[in-house]
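This report refers to the structure that appears directly beneath it.
The first residue of the sequence shown is numbered 1, and numbering continues consecutively from there. Start at 1 and go down the list; that is how both ligands and their atoms are numbered. On a predicted model such as this, the values are computed, not experimentally measured, just so you know.
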Amino acid sequence: MKNRIILTISIVLFLSLISRAQEIKVPLRFDHYYDYEQTVEALKALNKEYPSFTTLEEVGKSEEGRIIWALTINNAETGEPLEKPGIYVDGNIHGNEIQATEVCLYLANRLLTKYGENDNITEIVDRNAFYIIPTVNVDGRYHFFNDPNTPSTNRGLRIPKDDDRDGLFDEDYPDDLNGDGSITQMRKKDPLGRLKTDPEDPRLMIPVKEGEKGEWTMLGTEGIDNDDDGRVNEDSEGYVDGNRNWGSNWAPPYVQSGSGNYPFSGSGIKAIAEWMIERPNIIMVFAFHNNGGMFLRGPSTKAQERFHQGDIAVYDYLGKNAEKIVPGYEYLVSWSGLYATYGDFTDFTDNIIGAYSFVGELFQVETETFDGTLFHKGEEQQMPFASSNERERKRLEYNDHVTQGELYHEWKPYKHPVYGDIEIGGWAKMSSRLPHPFMLQDLVHRNASAVIFAAEQTPDLDLEVFETKKIDKDLYRIRVRLTNHNAMSSILYQSIRNNLYPKDMLSVKGKSIQVISGGKLNDRYNDIVEYKEHKPDIQFCQVPGFNSVEYQFLVSGKGKVAISYESRKAGSISVELELK
Ligand SMILES: [Ca+2]
Ligand SMILES: [Ca+2]
Ligand SMILES: [Ca+2]
Ligand SMILES: [Ca+2]
Ligand SMILES: [Zn+2]
């Protein structure tokens with residue numbers, strides 16, 4: 001009997017050890033959120049399961065020394081990453097916008113687990129390199145999970161700042177006075193207050209009419225005066241906003257709040273910039289955030305030069321499809337559809353990396369209203385962050401009847417050192433901008449599908465010699481066609497305009513030949529060629545999406561000729577022919 005008990009105990013211990021070790025398994029699960037440590041574990045699990053397809057590397061460290069990880073997905077059998085179009089996907093640059101990390105993890109998990117089983121996914125994994133940084137603001141993610149928060153705190157980088165200029169840095173955060181893990185609101189019974197109880201839901205308040213007796217005063221965010229300066233919650237973390245700190249169209253804090261003392265002052269921001277610059281093949285960027293249900297393209301300010309129609313056509317193609325993949329989301333231009341910002345990540349990737357760039361604003365609160373009627377955006381919801389009591393009531397009913405009260409902390413009495421008898425209550429940390437875990441799977445799948453759709457549209461080129469004509473003794477006319485089967489251009493018009501790097505190169509070479517003339521063939525029937533005067537053996541070109549370009553060369557000599565095309569974004573191709 002005793003032996004049996006010992007055996008049972010050891011089995012239980014053994015099983016609990018196993019279950020701890022196996023907590024995060026591939027395929028990853030998306031019925032919960034991964035905290036910072038679990039995110040790292042999940043990446044390691046994917047890397048361990050698919051060692052030949054993945055590289056997991058440290059991009060850099062945050063202000064608090066946490067590692068920012070990047071997972072590269074590439075099939076080495078089809079080429080090195082730099083030889084393929086690069087798709088860069090990141091999330092959670094704002095520390096509270098946590099489901100952005102889950103979209104990245106889901107994408108990685110989907111690509112790896114469906115490779116070889118699903119033809120579409122096999123094709124895009126073979127043809128592209130994927131660069132995935134699930135969490136940019138690693139400190140923000142850590143503190144969002146581990147500290148009490150509102151749904152919108154812990155956004156910034158952990159660069160201390162003295163917000164109230166009292167000589168102390170970050171000395172007065174909000175406080176979780178009632179210990180429920182969330183930072184909510186404080187209200188006090190007050191006959192002189194300007195609010196009264198909403199008759200339709202006593203958790204809400206409405207303004208009193210003129211002459212009417214008041215009932216409540218709102219006292220702001222849950223907290224006390226931690227440094228006895230007479231102000232409550234006046235100096236919490238940061239505030240440098242990681243998404244205003246990039247060195248393209250950056251503006252100082254008096255123009256753009258949160259931009260930091262200088263561009264790239266965030267250590268992780270700088271590290272990611274350098275990491276991306278080492279990967280000039282990146283042609284598509286998705287940066288995931290969490291509010292409003294939008295796919296935003298640049299530019300971020302009106303003053304910036306307008307995008308070229310050729311690039312806009314690609315954005316429209318991807319953006320309008322993304323709208324259909326994620327119902328309710330809108331494809332918009334950043335500055336006009338939302339608001340103008342300086343020093344944005346996607347300004348950097350538009351202008352310095354030369355990539356089509358989308359911000360994906362995951363989640364719209366309308367999908368979590370009780371009867372769904374507010375899901376259809378009416379006039380009052382033109383402002384994405386607008387709030388109304390009607391919507392709040394629907395959200396509360398959703399909280400009550402769909403999540404059994406998990407999203408909202410009911411008002412409860414509390415004795416405050418300064419305000420006396422008050423009540424504390426409101427939306428929980430894991431509400432408002434985050435889908436309840438039961439809806440997470442749908443959100444991550446649809447948004448990862450928008451990335452997958454874009455990955456299907458990276459430039460895919462053919463090089464074909466469609467004519468070799470002997471026109472004299474040892475003189476040949478060679479005509480070459482470059483065809484792009486997909487929507488994205490081989491180099492963005494914006495990159496050409498910014499003179500970011502040389503255009504793609506088409507070259508004709510051979511030991512015993514000489515290229516006499518060469519140029520772009522604008523009309524093959526009438527023989528209209530834009531000749532390039534110097535070095536005709538190298539042509540600079542661009543192959544727009546769903547399009548082809550033709551070149552013509554006059555070559556003297558005999559023997560082998562190598563015609564090759566090299567592109568930073570679209571890989572390289574070469575063909576050989578023999579002149580005889
Ligand atoms: Ca201070
Ligand atoms: Ca609390
Ligand atoms: Ca204070
Ligand atoms: Ca202070
Ligand atoms: Zn954001």
* **Vertex the Ca ion (ligand 1), arms to D162 OD1 and L168 O, rounded to 10°** => 70°

* Near K188 NZ, under 6.0 Å, is it more than 12 heavy atoms from other residues, nucleotides or ligands? -> yes

* Asked: Excluding sequence neighbours, so at least two apart, what forms side chain to side chain donor-acceptor pair (under 3.5 Å) with D175?
  -> N226

* Could you tell me which residues satisfy side chain to side chain donor-acceptor pair (under 3.5 Å) with K569, sequence neighbours excluded, listed by chain and number? => Y501

* NZ or CZ of R66 within 45° of Y142 ring axis and under 6.0 Å -> yes

Ring centres under 6.0 angstrom apart ([X], [Y]):
| X | Y | answer |
| --- | --- | --- |
| H32 | Y34 | yes |
| F348 | F264 | yes |
| Y356 | Y317 | no |

* To do: Take the angle between the ring planes of F438 and H436 and call it parallel below 30°, perpendicular above 60°, tilted in between.
  => tilted

* Write the atom name of the N, O or S atom in D166 that is nearest the Ca ion (ligand 1). => OD1

* Asked: Listing by chain and number, what protein N/O/S atoms are under 3.0 Å from the Ca ion (ligand 3)?
  -> D172 OD2, D225 OD1, D227 OD1, D229 OD1, R231 O, E234 OE1, E234 OE2

* Asked: Any chance the side chains of N245 and S265 put a donor and an acceptor closer than 3.5 Å?
  -> yes

* Check ion pair D400-R203 (N to O, under 4.0 angstrom) -> yes

* Asked: For the Zn ion (ligand 5), how many protein N, O or S atoms come closer than 2.8 Å?
  -> 4

